[in-house]
Amino acid sequence: MANYTIFGGGPAGLYTAWRLLTDPTKLTSEDTVRIYEWGNYDYENNGDGDRTPAGRICSYHFNKKKDQSYIEVGGMRFIEWDKEKYSGHQLVSLTIDKVLLNNKPLSNNIIEFNTTDNPLFYLRGRHFYSQNLGENINGEDVLAPYNTPGNNAKPADVLISNISNLITKGSNVTNRNEQCRFYQSGTLNADFNSKSYVYNAGDNIGNIGYWNMFYDQAGNEGFQYAADAGGYSSNVINWNSANAAVYNGEFAPGGAFKTLSSGYSSLFVALYQECVKAAQSKGITFELTKKVRLHSIWNDNNQTPATRYTTSNSSNPDQALDENIGTDYAFLAMSPNALELVARATRYNKLKDGQTDILNKDNVQNYIQSVIEQPSYKVAMFFKTEWWKADGVKYKPDLINKKHNNINVFGPTITDLPLRQVYYFGDNSTGNIDENDKVYGILASYDDMRFTQFWEELELSTKTRRTTPLSRNYQPLEGAGKAPDEMMRMLKLQLAKVHYDDANAAGLIPDPEETVFMNWGLNPFGAGYHAWAAHYDICDVMQQIRTPGKMAGINDSNIFIVGSAYSNDQAWVEGAFCTVESVLIDYLGMKTIAQNTTDYPLICGCK
């Protein structure tokens, strides 16, 4: 008889439960799988919850009507697995192939999520389309408005790619095994002896900040062009240069992505349904307790099992309940910020002899802090018309993708205004909506890091004083927030500048039927995604952070940290699944569902 306790019912937590419950040999009817989830997610998709599941995935349907059009206000997509090239998201693709949603194959709902070949840009007050860069139109050269000659006649992706190629020159980084070795021991090539004032050949690339490197090679204007025109400020922050050089290519416009027509959240509805069915068929106890969080956790050699924890209710998350619970296996399926909330609470426990505060050991804390938290912000708007396609709109999004026959091309439009990126979802309702009730959605602002506070101050109207401190504002757990009129009008003001070249044209844009926002920088998530910091051996962190108890010197500890933050696929559901799968294989002796872990290591295993 064993207890498997999972703290966090997001992607990593649900995947853990599903794998345990569906493994043919691991669990028996005497075992228990229990999930504690701080939020109140609608796992059954029946309206019994505050928002769709799970974690940083949230498909928001207009007016919360599940047949209506939706916008992904969290993670949006995955890369379909190519077993011949060992590329894409293997575990997400295989999981979707295996599970049922309402007794029908979820894989039936896979659709393309394509980006345009010709993004519209509005940068430093100028409009241009990507494909026009470097051309002479009406006697004027089309250049991005940045003083970086040679670079500004081409898309910023070319500059970013050139920097990546310079960093990786002389190293093989075409597959995951090679990339892992590069993260650990990649060094700058001989070109840097003549091309860099700051760095030298032989310097460990993982010990260099990417922003530092970019400035050294492209100057401030080159860096600003990449930061603005790349769309994602987070891609060019001062993170680990080795990882950045490999990772940035995934975000080039025209990349092939997939999503689910039922919304990405439906994957986690399906996983929950599969957990319930598997538990019932095997007679295994499966419990999911919502609105309860892990408060503190420690090891106690005086008790059996030695892993002890306390919980707290979401109504008073800082106050531990009067209980001391033991479990045989503990999976901390939570973000670094949520881990720190637990560590902070555990710090003040009055531990006795034989008890160990695992999360606050220096080496564990150091590795918990090995990633950079990247706040992100999304605002969704639903309209009665696709006004961005109407006559009179001066700069329309050019939603084309020749490779994919212009199917499901959602954007983006990119700007240095606080909007940052705009995606045009349109009408993606189920087909059960009357024509008169249809709405058309846009992700009106997809911002990461740079402008999150700009939007945060618009969450409250001018008639409202703040009564809840930001540290206790759990909006992303509670679901998309209703935007006040001031936020709606600010969005229209900027959309008018982008599409009409005239802020005064904001009145030409109809008022939306609904506007909602998601502030992923708030607790407990603390970020929309994460990036590896410089000066860490990424391979060693991936391996060791999974078992913080062993790092603290407790060799028989069964406390595991899982999730995308400490993975090979940060910011993707795939990263969460891979860290879980690696733990189940390496520490619980389970057989993997992956087709190939030789050419596609789940996490880095460098020595």
Side-chain angles (χ1 to χ4, degrees), residues 51-52 58-74 76 120 122 127 263 377-397 399 410-430 433-447 451-464 475-476 478-519:
R51 48 154 285 198
T52 55
C58 184
S59 306
Y60 182 82
H61 294 258
F62 173 64
N63 282 339
K64 294 188 175 181
K65 296 177 181 179
K66 59 184 179 182
D67 284 332
Q68 266 288 9
S69 292
Y70 70 90
I71 292 175
E72 302 291 358
V73 293
M76 300 192 291
L120 167 65
Y122 178 69
H127 290 84
Y377 208 103
K378 289 190 169 185
V379 190
M381 306 178 84
F382 296 92
F383 297 89
K384 291 299 291 183
T385 64
E386 293 180 284
W387 59 263
W388 52 91
K389 296 181 179 180
D391 293 340
V393 175
K394 188 174 182 180
Y395 294 100
K396 299 175 184 178
L399 302 179
F410 298 109
T413 288
I414 299 174
T415 175
D416 55 358
L417 299 178
L419 293 179
R420 285 300 277 141
Q421 294 190 78
V422 183
Y423 281 83
Y424 309 85
F425 281 72
D427 169 32
N428 54 12
S429 58
T430 61
I433 296 295
D434 186 89
E435 190 70 27
N436 293 329
D437 294 328
K438 283 186 177 181
V439 292
Y440 303 86
I442 64 170
L443 184 58
S445 177
Y446 180 6
D447 172 57
F451 296 113
T452 54
Q453 191 175 10
F454 180 93
W455 297 112
E456 192 170 79
E457 295 305 328
L458 288 162
E459 292 174 7
L460 302 176
S461 77
T462 55
K463 300 178 179 65
T464 305
Q475 177 267 312
E478 297 161 358
K482 299 292 184 182
D485 288 345
E486 292 88 344
M487 180 184 283
M488 180 270 289
R489 290 194 293 266
M490 184 67 76
L491 289 158
K492 287 179 59 180
L493 189 71
Q494 295 182 31
L495 287 168
K497 193 65 179 173
V498 169
H499 288 297
Y500 287 92
D501 195 25
D502 184 2
N504 292 324
L508 298 177
I509 299 174
D511 283 350
E513 300 297 298
E514 184 180 30
T515 303
V516 297
F517 64 86
M518 209 64 157
N519 184 353

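Both backbone and side-chain heavy atoms feed into the values below; hydrogens, waters and symmetry mates do not.
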Trainee: Answer yes if the side chains of Q68 and S429 hold a donor-acceptor pair under 3.5 Å, and no otherwise.
Mentor: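 No, no side-chain donor-acceptor contact under 3.5 Å.
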Trainee: Please give me the minimum heavy-atom distance between S59 and E72, naming the atom from each residue.
Mentor: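 Closest approach of S59 to E72, heavy atoms only: OG-OE1, 2.7 Å.
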Trainee: Quick one: closest heavy-atom pair of N436 and D434, and the distance?
Mentor: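 Looks like N-OD2, 2.9 Å.
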Trainee: For the side chain of H61 and the backbone of D67, is there at least one donor-acceptor N/O pair under 3.5 Å apart?
Mentor: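 A pair under 3.5 Å: no.
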Trainee: Would you indicate whether the side-chain heavy atoms of P412 and V422 approach each other to under 4.5 Å?
Mentor: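 V422 vs P412: side chains apart.
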Trainee: Would Y395 and H499 count as a close aromatic pair, with their ring centres under 6.0 Å?
Mentor: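 Y395 vs H499: aromatic centres not under 6.0 Å.
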Trainee: Measuring from atom CD of Q494 to atom CD1 of I509, what distance do you get when rounded to the nearest 0.5 angstrom?
Mentor: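 It comes to 10.5 Å.
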Trainee: Scan L508, T515, D511 and name whichever one has a side chain to side chain contact (heavy atoms under 4.5 Å, CB included) with K492.
Mentor: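 Between K492 and the candidates, side chain to side chain contact (heavy atoms under 4.5 Å, CB included) is satisfied uniquely by D511.
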Trainee: Say whether, by atom type as modelled, one donor and one acceptor occur between the side chain of D502 and the main chain of N504 under 3.5 angstrom.
Mentor: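 Judged by distance alone, yes, a pair lies under 3.5 Å.
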Trainee: With distance as the sole criterion, is a donor-acceptor pair present between the side chains of E514 and Y60 under 3.5 Å?
Mentor: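 There is such a pair (donor and acceptor under 3.5 Å, judged by atom type) between the side chains of E514 and Y60.
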Trainee: Can you name the one residue among K378, Q475, E456 that meets side-chain hydrogen bond (donor to acceptor under 3.5 Å, both in side chains) with N519?
Mentor: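 Running side-chain hydrogen bond (donor to acceptor under 3.5 Å, both in side chains) over K378, Q475, E456 with N519 returns exactly one hit, E456.
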Trainee: Ring-plane angle category for Y500 and W387, please: parallel below 30°, perpendicular beyond 60°, tilted otherwise.
Mentor: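 Correct class here is parallel.
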Trainee: For a side chain to side chain contact (heavy atoms under 4.5 Å, CB included) check, start with the C-alpha distance between L419 and D447, then their side-chain angles and the critical distance, and finish with the verdict.
Mentor: CA-CA 6 Å; L419 293 179; D447 172 57; over 6 Å; no
Trainee: Taking the side chain from R51 and the backbone from P476, do they hold a donor-acceptor pair closer than 3.5 Å?
Mentor: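 Checked: pair present.
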Trainee: Which pair of heavy atoms, one from I71 and one from A380, lies closest together, and at what distance?
Mentor: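 Reported closest heavy-atom pair: CD1-CB, 3.5 Å.
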Trainee: Set out, in order, the CA-CA distance, both residues' side-chain angles and the distance that settles side chain to side chain contact (heavy atoms under 4.5 Å, CB included) for E459 and F517, then state yes or no.
Mentor: CA-CA 8 Å; E459 292 174 7; F517 64 86; 3.5 Å; yes
Trainee: Output the distance between atom CD (E513) and atom CE (M381), rounded to the nearest 0.5 Å.
Mentor: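 If we round to the nearest 0.5 Å, E513:CD and M381:CE are 11.0 Å apart.
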Trainee: Assess the residue pair Y377 and S445 against the criterion (side chain to side chain contact (heavy atoms under 4.5 Å, CB included)); give the C-alpha distance rounded to whole Å, side-chain angles, the decisive distance to 0.1 Å, and a yes or no.
Mentor: CA-CA 7 Å; Y377 208 103; S445 177; 5.6 Å; no
Trainee: Could you check whether F425 and F410 have their ring centres less than 6.0 Å apart?
Mentor: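 That pair passes the under 6.0 Å test.
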Trainee: P512 and side chain to side chain contact (heavy atoms under 4.5 Å, CB included): which partner among Y440, F382, F383?
Mentor: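 The passing option is F383.
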Trainee: Any chance you could measure R420, atom CZ, to D416, atom CG, to the nearest 0.5 Å?
Mentor: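 So the gap between those two atoms works out to 7.5 Å.
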Trainee: Over all heavy atoms of both residues, which pair between E386 and G426 is shortest? Give the atoms and the distance, please.
Mentor: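 Here E386 and G426 meet closest at OE2-CA, 4.0 Å.
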Trainee: Between the side chains of T413 and Y424, does any donor sit under 3.5 Å from an acceptor?
Mentor: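 Yes.
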Trainee: Give a yes or no on this: more than 12 heavy atoms of other residues, nucleotides or ligands lie within 6.0 Å of atom CG of D391.
Mentor: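 Count not over threshold, so no.
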Trainee: Assess whether side chain to side chain contact (heavy atoms under 4.5 Å, CB included) is satisfied between V439 and D427, documenting all intermediate values.
Mentor: CA-CA 6 Å; V439 292; D427 169 32; over 6 Å; no
Trainee: Indicate every side-chain donor-acceptor pair of residues 483-491 with a distance under 3.5 Å to a residue at least two apart or in another chain.
Mentor:
{"from": "E486", "atom 1": "OE2", "to": "T462", "atom 2": "N", "distance (Å)": "3.1"}
{"from": "E486", "atom 1": "OE2", "to": "T462", "atom 2": "OG1", "distance (Å)": "2.9"}

Trainee: Within a reach of under 6.0 Å around CD of E478, are more than 12 heavy atoms found that belong to other residues, nucleotides or ligands?
Mentor: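 It does: E478 CD has more than 12 such atoms within range.
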Trainee: Strictly distance-based, threshold 3.5 Å: is any side-chain N or O of W388 a donor or acceptor partner for the main-chain N or O of V393?
Mentor: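 Here the side-chain-to-backbone pair does not exist.
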Trainee: Let me confirm one number: the CG-OH distance from L443 to Y423, rounded to the nearest 0.5 Å.
Mentor: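 If we round to the nearest 0.5 Å, L443:CG and Y423:OH are 8.5 Å apart.
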Trainee: Looking only at atom types and distance, does a side-chain atom of S69 sit under 3.5 Å from a main-chain N or O of G441, one as donor and one as acceptor?
Mentor: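 Answer holds: no.
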